[in-house]
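Remarks on the structure that follows.
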Amino acid sequence: MKRSYLKLDHIDKAFPRAGGATEVLRDVDLAIEKGEFVSIIGHSGCGKSTLLNIVAGLTPATRGAVLLEDREVNSPGPDRAVVFQNHSLLPWLTAYENVRLAVDKVFSGVKSKAERHDWTMRNLDLVQMGHARDKRPAEISGGMKQRVGIARALAMEPKVLLLDEPFGALDALTRAHLQDQVMQIHAGLANTVIMITHDVDEAVLLSDRIVMMTNGPAAHVGEVLEVPLARPRRRIEVATDPTYLRCREAVLRFLYERHRYVEAA
Amino acid sequence: MSLTLLRSEDRKPAPSVSKAAVIPLAVPHRPLSARLLPVLRGAATTGVPPLVTLVLILLVWQMLTAQPGATLPSPTQIWAESRDLIVAPFFDYGSQDIGLGWRVLVSLQRVGVGFGLAAVAGVLIGTLIGQSLWAMRGLDPVFQVLRTVPPLAWLPLSLAAFRDSHPSAIFVIFITSIWPVIINTAVGIRNIPQDYRNVAAVLRLNSLEFFWRIMIPSAAPYIFTGLRIGIGLSWLAIVAAEMLTGGVGIGFFIWDAWNSSRLPDIVVALLYIGVVGFLLDRLVALAGRIATRGTASA
Ligand SMILES: Nc1ncnc2c1ncn2[C@@H]1O[C@H](COP(=O)(O)OP(=O)(O)OP(=O)(O)O)[C@@H](O)[C@H]1O
Ligand SMILES: [Mg+2]
């Protein structure tokens, strides 16, 4: 059997609750290769964030394990950097200090002070936020905050980059702009990325594979779709590409015909 | 001074307006007056009402206490008898004959020590308690009860324990002001958003780093609320404690003035205490605003 870079091995997750347990995930099994860009798509509340938090080590799985390079990971660490759903920058630190905190922590024994400064600035420049280095999160827009969050995650040089709806709260224009930036960064650095989204176009445009989750409770991987589009992908050209349209339709069918969102009572 | 400056500038363009083509001349004058006017108006709206109130209070007070047989001194009498205390806070004519400024400084020093200890201990204890739901549940009722014990009630115990008035006074300040610091810090620690804890976990911050980089800044608004209540309480406590323990503080001065029937001096001392208490409160509030620039607005 071929061994994968990152493996989610039969993961169950139940949250304890008064008089029983809420089963959120059941038997989620997934193998991801190095450098692959994988999207997880599913309706709200199905357990996408929970799954990402298990990979990040922030939430323990009830059963099953996460294996990174064949080693079990069950506590959080900078090798699996997270860009959180709501940016999670520390509001009392400037953009620079937010990234620098991560850089100082991860490279304390490896890089000199000057190198850590350069590395911080390099990552801020990578998301084009070098100009706002001295601004606090309250002073910059939502898109800028998310970019700093991405810079902070990238600065850790993670083995796996975990993005939890990184552009969910942004307007369409900003979102498109950041999607292009993420594609560029992925092309340049070849990171392994898991991105949660509920935007079908975003999933198809960015991913090598799309993991579609069934509705909760006890959600699992319903279907995995390969997106065989050549890179680099340009959003305008790709929009009329038959492969793109076929993938898009497949995801839409899964989400809106086979696993329609049912409002929880 | 700025007012007269503004007026003379406002007047200048007035005659020229009647002539033609003077619009460019008027332009440079506008920004100055536009900038100065709001400042003056702001000063007037914040400064005038208190002044009016003060004058009214003095008038009523004067009317009530002016007639012969009044038990309390009138403002004019206070001015006549205690003028040296009002105009010269820092004279020094020997051991007990010193200006109220010196006395306030002695009291402030005690408050500094007692409240300083309470602040440090309160933040540390509050941090420990805030981390554990059970500690919070168990200790909070105890603190809520101890918090209401008046400063003076601690004094006999304190004197018995320390057998000396100086540490007793400091202890009373400490024990009076520590509770709000503990309680507010603990609440602040409990309210640290899960997001910040997640960030710390991904970065693998150790507990010392977590304390300095996450806990303290995140709980800072709560901590400063506690400190602000605490400094007010310690200023209440110092006066009460000094009345009983003696020394040269402002509290003892009131006691001493009462014993020698110098009522006007007491009124002046009350004013000093009020003003200093107000300034202390503002000082902590200002420190809080500076320290929580980021957190408060997020
Ligand atoms: N700490 C927790 N305790 C109990 N239940 C939880 C907890 N966290 C999540 N859940 C439940 O697990 C389910 C999945 O939540 P999750 O946040 O993973 O959804 P999601 O797919 O990320 O949704 P969204 O797209 O809205 O972000 C929800 O029903 C939620 O109520
Ligand atoms: Mg989510």
Side-chain angles (χ1 to χ4, degrees), chain A residues 49-50 52-60 73-108 134-140 142 145 148-149 152-162 164, chain B residues 119 123 126-127 130-134 137 184-228 284-298:
Chain A
S49 294
T50 306
L52 201 81
N53 282 344
I54 291 173
V55 178
L58 293 167
T59 312
V73 287
N74 44 22
S75 67
D79 54 344
R80 282 150 293 131
V82 191
V83 176
F84 294 96
Q85 203 161 352
N86 50 355
H87 74 74
S88 293
L89 297 178
L90 303 175
W92 51 89
L93 300 181
T94 62
Y96 175 86
E97 290 165 339
N98 264 291
V99 179
R100 182 64 190 264
L101 177 66
V103 172
D104 280 347
K105 198 52 202 164
V106 176
F107 300 104
S108 57
D134 293 324
K135 295 237 164 71
R136 283 170 206 279
E139 298 162 350
I140 57 180
K145 277 185 256 211
V148 177
R152 177 173 65 182
L154 287 173
M156 299 178 211
E157 284 195 325
K159 290 178 176 161
V160 182
L161 182 62
L162 304 171
D164 190 349
Chain B
V123 169
T127 308
Q131 307 210 42
S132 149
L133 187 59
W134 286 105
R137 282 186 187 150
N184 282 280
T185 304
V187 172
I189 298 292
R190 280 229 74 73
N191 284 347
I192 295 177
Q194 187 59 39
D195 294 339
Y196 302 166
R197 296 182 186 274
N198 286 346
V199 170
V202 169
L203 291 178
R204 292 217 181 108
L205 298 186
N206 61 39
S207 36
L208 198 65
E209 287 165 332
F210 185 61
F211 178 76
W212 281 116
R213 307 301 305 254
I214 310 281
M215 278 184 159
I216 292 295
S218 177
Y222 293 87
I223 294 176
F224 274 97
T225 306
L227 291 178
R228 207 171 155 190
V284 176
L286 182 73
R289 251 206 312 285
I290 292 170
T292 60
R293 269 163 312 175
T295 350
S297 51

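Below, read A as the first sequence line, B as the second, and so on, with proteins coming before strands; counting in each chain starts at 1. Heavy-atom basis, side chains included; hydrogens, waters and symmetry copies ignored.
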P78(A) versus chain B, the contacting section by heavy-atom distance below 4.5 Å: both
Which portion of A102(A) sits near chain B, non-hydrogen atoms under 4.5 angstrom: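 For A102(A), the contact with chain B is made by backbone and side chain together.
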Candidate pair L58(A) and R197(B), rule side-chain contact (heavy atoms from CB on, under 4.5 Å), full reasoning: CA-CA 10 Å; L58(A) 293 167; R197(B) 296 182 186 274; over 6 Å; no
Closest non-hydrogen atom pair, [X] against [Y]:
{"X": "K105(A)", "Y": "R204(B)", "result": "CE-O, 3.0 Å"}
{"X": "L89(A)", "Y": "Y196(B)", "result": "O-CE2, 3.9 Å"}
{"X": "F84(A)", "Y": "V202(B)", "result": "CZ-CG2, 4.3 Å"}

Within-4.5 Å side-chain heavy-atom neighbours: D195(B) and N86(A): yes
Non-hydrogen side-chain atoms of R213(B) and L90(A) separated by less than 4.5 Å: no
Residue among H87(A), Q85(A), R152(A) with most heavy-atom pairs under 4.5 Å to chain B: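 Sorted descending by pairs with chain B, the first entry is R152(A).
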Distance (rounded to the nearest 0.5 Å) between L203(B) CG and D104(A) CG: 10.5 Å
By side chain to side chain contact (heavy atoms under 4.5 Å, CB included) - contacts of R190(B) (at least two apart):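 For R190(B), the residues satisfying side chain to side chain contact (heavy atoms under 4.5 Å, CB included) (neighbours in sequence not counted) are L133(B), M136(B).
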